[in-house]
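Each chain gets a letter, A, B and so on, in the order its sequence line appears, and its residues count up from 1.
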Amino acid sequence: MDALFYTLVGIDLNWSSLPQQLVNGLVVGSIYALIALGYTMVYGVLRLINFAHGEVFMLGAYTALLSSWVMGFSPDAIRKFYESEAAKKLADPSYVERSIPADPFNLVIMILLAMAVCAVIGAVIEFFAYRPMRNQSRTAALITAIGVSLLLQYAGSLFLPASPPPSVAMEVNPYQTNVSVTLVPAPKEIRDKFDDSVSALEAAKESGADAETIGDLERKKNDLEGQVAATATAITMTQGKIVMLLTVLVLMAALRFLVLKTPAGRSMRAASHDFDSASLMGINVNRVVTFTFMLGSALAGAGAMMLVTFEGTSMQPFFGMAPGVKAFVAAVLGGIGNIPGAVLGGILMGLAETLVTWLGFSNYKDAVAFVILFIVLMFRPGGLLGSSKVEKV
Amino acid sequence: MIRNSLLQIGACAMALASLAWLGGCKDTAASGGDTKEPAASGGGATATGDVIKIGLVASQGGDLRPWGQDCIAGARLAEAEINAAGGIGGKKIQLIVEDSNSKPEEGKSAAEKLASEGVIGLVGEVASGITLQMKTVAMDRGLPLIAVGATNPDVTKDSNGLVSRVCYTDDVQGPVMAFFAYNDLKLRKVAIMTDNKQPYSQGLSASFAKRFKELGGEIVGEEFYQSGENQFGGQLTSIKSKNPDGIFMSGYFTEVGPMARQIRQQGMTNVKLMGGDGWDSTELTSSGGDAIVGGYFCNHYNNAEDRPEVQDFLKKFREANNGNDPGTTMAALGYDATMLMIDALKRMDAAKATMDSATLAKTISETVDFPGVSGKITLQGMNGDPEKRALVVQVTKTGQEFVKAYEPSEVVAK
C-alpha cells in the first residue's frame with residue numbers, strides 16, 4: 001500500500017541515505033542557529049529586529065577572507081605557487097598533499113578575528129544607529145535597521161572585493177580528509193562484484209591489455225564502487241564539518257554559561273525581562289545592550305567564517321541576505337526572544353530543508369521551510385518555545 | 001498584542017527586503033519574456049562629419065564587472081586598430097562606452113543614451129538578460145545590435161534582422177558537452193544540478209539532457225538549487241544514491257566551485273564534473289580548489305589555440321594592457337563583435353553605400369566567413385546566430401587547458 005502511494009506521488013524514498021541527510025541538515029541548521037541567536041538576543045532585550053544582522057554576517061565572511069589573504073592565501077599567492085618550480089616538481093597526479101602548509105592555527109586566528117571584528121561592528125551599529133532611536137517608536141527603529149542593512153550592502157559593494165565573487169582558498173583548510181562511518185554495509189553481492197572488478201582491473205593491467213580494455217574495466221570498477229557507496233547506509237563528512245559542529249557546540253555552551261552564570265548575563269536577562277525596571281535597579285542598560293549586540297554579532301562572525309572556510313562559499317556584499325532571512329525565520333519559528341528556541345528553530349529549518357530534498361523536491365526546498373513557519377505560527381503564535389501570552393502595554 | 005503586531009511588521013519588512021534581494025540578485029540571464037516586438041520604426045542614424053560612432057554597452061560595476069572590463073578592453077583594441085590603419089574612408093571610428101552596471105534596466109537606458117548620441121550601431125552585452133533589454137531599444141530606434149556573449153536563444157529571435165551575435169547559443173553548448181561526455185568521457189549515467197533562479201542554467205540543463213538521452217545515455221537525476229545558496233549537501237546526497245558517473249553543473253562558477261568541493265566531501269571521488277561557459281572565471285579554482293581541477297566545460301575560444309587570429313589578438317592585447325593576458329573570453333568576443341561591425345562598415349565604404357544604420361544592419365547580416373578570434377563567423381541566412389565552433393576545456397590549477405573543438409554540425413542532432 002505504502003509502495004503504491006509513493007509510486008503514485010512520484011516519491012522515490014532512499015532509506016540508506018537518510019542518516020547522511022540528517023547530518024547534512026544538522027550542519028546547515030547549526031549555521032542558521034548561530035545567526036538566529038543574534039536576532040533573538042537583540043529582540044529579547046530591545047524588542048528590535050536587527051535587520052543589519054545579515055550584513056554583520058557578510059562582514060564576518062569578508063574578515064575571514066581578508067585575513068586569509070594577509071596570511072598568504074590570496075589568489076595571487078596561490079597561483080604563483082602553482083606556477084613556481086616547486087609545484088611543477090609536485091605535478092605528478094598522485095600528489096595530494098596541500099601545497100602551502102595549512103595550519104589549524106590560521107583557522108583559529110581567522111575565527112577570532114571574524115568574531116572580534118563583528119563584535120565591534122555590532123557595537124558601532126548599535127551606538128550610532130539604534131541608540132538614538134531607542135525612545136522613538138519601534139517602527140522608526142525598524143526602518144532604521146533596514147536602512148543600516150542597505151547602507152552596509154551598498155557600502156560593501158564600493159569597498160570590498162566583490163567581482164568576481166571571491167572565496168577563501170581551499171588551501172587554508174587543513175581538515176580536508178573524509179571520515180566515513182558505515183552503519184549498514186552494502187549488500188554482499190555488490191561488494192563481491194566490486195572486489196572482482198578490482199582484481200580484474202589489476203590482472204588486465206599486469207597482463208598489459210590495451211588502453212581501451214583497461215578503460216572499460218576501470219569504468220566498471222568505478223561504477224561498482226559508486227554502487228557500493230550508494231547502497232550502503234553510511235555517513236561521510238570531512239573533518240572540517242566535524243570541527244565546525246564541535247565549534248558550534250562549544251560556542252553555544254559558552255553562550256549558555258555567559259547568560260546563566262555570569263553577572264553580565266544576569267543583567268542581560270533582567271533587561272530582557274523588563275528594560276525600564278532593570279535600569280531603575282541600577283543596571284547599566286546601555287552596557288547590557290552593547291554587550292548583547294557584541295555577543296550576537298560575534299556568533300554570526302564565527303558562523304560566517306566557518307561557512308566560507310569549510311564550504312568554499314563565494315561572497316559578495318549581498319551575501320548576508322539569504323542566510324539572514326532564513327535565520328530570522330528560524331528565530332521566529334523557535335520563538336523570538338528565546339535563546340534555546342533560536343537553536344531549535346535553526347536546526348529544524350536545516351533538517352526540514354534537507355528532508356524535503358531527500359524526498360526529491362529540492363525545487364521546493366525554500367518554500368517548505370516557510371510553510372512550516374506558517375503552520376507553527378498558526379497554532380503557536382509565539383513560536384515553538386516562545387511565550388504567546390499578551391504583553392502588558 | 002504589541003509583540004505580535006511588531007512581529008508582523010518585522011515579517012513584512014523582511015519579506016520586502018527578501019523580495020528586493022531576489023530582484024537585486026544577479027538575474028544576468030533573466031528571461032526576456034516581455035520583449036515587445038515593436039516595428040522597426042526609427043530610421044537609425046546616418047554617419048555625418050569625420051567620425052563614425054559605435055556604441056558599446058558593458059558592465060563596469062556589479063557582478064559582471066570582470067566580463068564587462070574585458071569586453072571594453074577588447075572593443076577598444078578594435079577601435080585603436082582601425083584608427084591606426086586610417087579609419088574607414090578617411091573617417092575615424094569613435095567607440096562610446098556606456099555602463100549597464102550588470103542590470104538589465106540600466107543596460108536599456110545606456111543603450112537609449114547611446115542612440116540619442118547618434119551612434120550608427122550598438123555592440124553588447126555579455127549577459128542575455130541585459131542584451132534582451134538593449135534589443136528593445138535597437139528595435140525602437142532601428143539600430144543594428146551585435147551581442148557579445150549573450151547565449152540565450154531568444155536574443156536574436158524576431159528582430160527584423162537587426163540583432164546578431166558573435167557567440168554560440170545555449171542550443172549548441174549543451175549538446176557539445178553531451179556529445180563530449182558520451183563519446184569522449186564515455187559516461188552513461190549523468191546527474192544534473194540546475195540553478196532554478198537562472199534561465200541560462202535551466203536552458204542549458206535541458207539542452208544537455210535532451211542530447212545526452214538521444215545519444216543513448218541516461219539522466220539519473222536532476223536536483224535544483226538557487227544562486228546564492230551555500231550548502232548543497234542534501235541535493236548531493238540524493239545524487240550520490242543514484243550512482244552517476246558524471247555530474248553536469250549548468251550554473252555559474254560562484255556556486256559551482258563550492259558545489260565541487262562538497263561533491264568530493266560526500267565521497268564521490270571518481271565522478272566527472274562538467275559545465276557550460278558560466279564556469280569561465282579566474283575565481284573558479286579558488287572556490288573549487290582541488291575538487292574542480294580536472295572538470296570540463298564549454299568555452300568560446302582558448303588562449304592556447306595556435307590559430308593565427310588568436311595569437312595575433314593575444315600579442316596586441318598584451319601590448320595594450322601592460323603584458324597581461326585577458327582574464328576571460330569576453331575580451332576576444334568584444335573584439336570580434338566590434339571588428340565585425342567595423343568590417344561591415346568597410347564593405348559599405350567599398351561599395352560606396354550610404355553610411356546609415358539600415359544599410360549597416362543589412363551588411364552585417366550578409367557577413368560570410370569573417371575571421372574572428374573566436375572562430376569563423378557567417379551570418380548570411382542564419383537569422384543572427386552564427387554557427388560557431390565550441391571548445392571543451394579542462395580546469396587546471398592555474399587556469400584552463402584546451403581539450404577539443406567541435407563544429408556545431410558534429411554535435412547537434414540533425
Side-chain angles (χ1 to χ4, degrees), chain A residues 14 16-17 20-21 24-25 27-28 47 49 51 75 78-79 82-83 138-139 142 146 149 163-167 169-171 178 180 215 219 222-223 225-227 229-230 236-238 307 311-314 316 318-319 321-322 325 328 332 336 353-354 357-358 360 362-363 366 381 390-391 393, chain B residues 1-4 6-7 9-11 13-14 17-18 21 24-25 61-66 102 186 189 196 223-226 228-231 233-235 237-238 240-245 253-255 257-258 261-262 264-268 270-271 281-283 286-291 397-398:
Chain A
N14 185 316
S16 65
S17 65
Q20 174 78 57
Q21 292 289 28
N24 294 340
V27 172
V28 177
R47 301 289 180 273
I49 296 163
F51 282 105
I78 286 168
R79 204 163 298 132
Y82 285 125
E83 280 162 0
R138 285 178 185 171
T139 321
L142 203 71
I146 296 174
S149 163
S163 68
S167 50
M170 202 181 192
E171 280 76 5
N178 266 350
S180 193
R219 265 192 295 283
N222 288 345
D223 180 48
E225 196 175 351
Q227 266 187 46
T236 305
M237 61 198 306
T238 53
L307 184 70
E311 304 281 28
T313 311
S314 357
Q316 23 97 9
F318 300 93
F319 145 86
M321 283 301 293
V325 172
F328 173 70
V332 174
I336 194 153
E353 280 185 12
T354 353
T357 311
W358 174 63
S362 53
N363 226 340
D366 293 335
V390 179
E391 270 175 32
V393 184
Chain B
M1 292 302 286
I2 283 285
R3 194 182 216 193
N4 284 338
L6 250 181
L7 265 186
I9 296 175
M14 208 58 176
S18 64
W21 161 63
C25 240
D63 284 351
L64 303 173
R65 190 176 63 189
S102 306
K186 299 208 166 23
K189 296 183 290 179
N196 63 7
E223 295 288 333
F224 300 91
Y225 65 96
Q226 295 205 337
E229 212 167 287
N230 311 310
Q231 295 180 306
Q235 293 96 317
T237 301
S238 292
K240 184 184 178 186
S241 68
K242 296 182 179 129
N243 187 25
D245 44 21
F253 67 91
T254 36
E255 283 79 29
R261 278 201 210 186
Q262 290 168 35
R264 302 307 185 209
Q265 287 175 1
Q266 293 265 342
M268 288 186 270
N270 295 321
V271 174
S281 163
T282 46
E283 277 296 320
S286 106
S287 63
D290 292 347
K397 283 201 167 167
T398 49

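- Judged as a side chain to side chain contact (heavy atoms under 4.5 Å, CB included), and not counting sequence neighbours, the contacts of B:Asn230 are A:Leu307, A:Thr313, A:Phe319, A:Pro323.
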Requested in this report: Dump the intermediate steps for side-chain contact (heavy atoms from CB on, under 4.5 Å) on B:Gln231 and A:Asn24, then the final yes or no.
Outcome: CA-CA 9 Å; B:Gln231 295 180 306; A:Asn24 294 340; over 6 Å; no
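- Qualifying side chain to side chain contact (heavy atoms under 4.5 Å, CB included) partners for A:Thr236, counting only residues two or more places apart in sequence or in other chains: A:Gln20, A:Asn178, A:Ser180, B:Lys240.
- Of the listed residues A:Pro166, A:Ser16, A:Gly25, A:Pro75, the one with more heavy-atom pairs under 4.5 angstrom with chain B than any other is A:Pro166.
- Chain A forms the most heavy-atom pairs under 4.5 Å with one residue out of B:Gly234, B:Pro244, B:Gly257, B:Ala291, and that residue is B:Gly234.
- For the pair B:Phe253 and A:Pro165, the tightest heavy-atom approach, listed with the atom from each and the gap, is CZ-CD, 3.7 Å.
- Contacts of B:Lys189 with chain A are made by side-chain atoms alone, with heavy-atom separations under 4.5 Å and no backbone atom involved.
- If you tally non-hydrogen atom pairs under 4.5 Å between each of A:Thr238, A:Thr354, A:Thr357, A:Asn363 and chain B, the highest count goes to A:Asn363.
- Counting all heavy atoms, side chain and backbone alike, A:Ser362 lies closest to B:Glu223 at OG-OE1, 2.8 Å.
- Of the atoms belonging to A:Glu353, not a single heavy atom falls under 4.5 Å from chain B.
- Residues A:Asn222 and B:Asp245 fail the side-chain proximity criterion, which asks for heavy atoms closer than 4.5 Å.
- Interface summary for chain A: among B:Gln265, B:Gln235, B:Met268, B:Arg264, the most heavy-atom pairs under 4.5 angstrom belong to B:Gln265.
- Interface remark: B:Ser287 contributes backbone and side-chain atoms alike to the contact with chain A (heavy atom separation under 4.5 Å).
- By number of non-hydrogen pairs under 4.5 angstrom with chain B, the leading residue of A:Ser149, A:Ala169, A:Ser17, A:Ser167 is A:Ser167.
- Contacts with chain B were tallied for A:Arg219, A:Glu225, A:Met237; A:Arg219 has the most, counting heavy-atom pairs under 4.5 Å.
- Heavy atoms closer than 4.5 Å to chain A are found in the side chain of B:Gln262, but not in its backbone.
- Remark: side-chain polar atoms of B:Asn243 are paired, donor with acceptor, to backbone N or O of A:Asp223 under 3.5 angstrom.
- Per-residue heavy-atom pair counts under 4.5 Å with chain A were compared for B:Pro258, B:Gly61, B:Gly267, and the maximum is reached by B:Pro258.
- Of all heavy-atom pairs spanning B:Arg261 and A:Met170, the tightest one is NH2-N, 3.3 Å.
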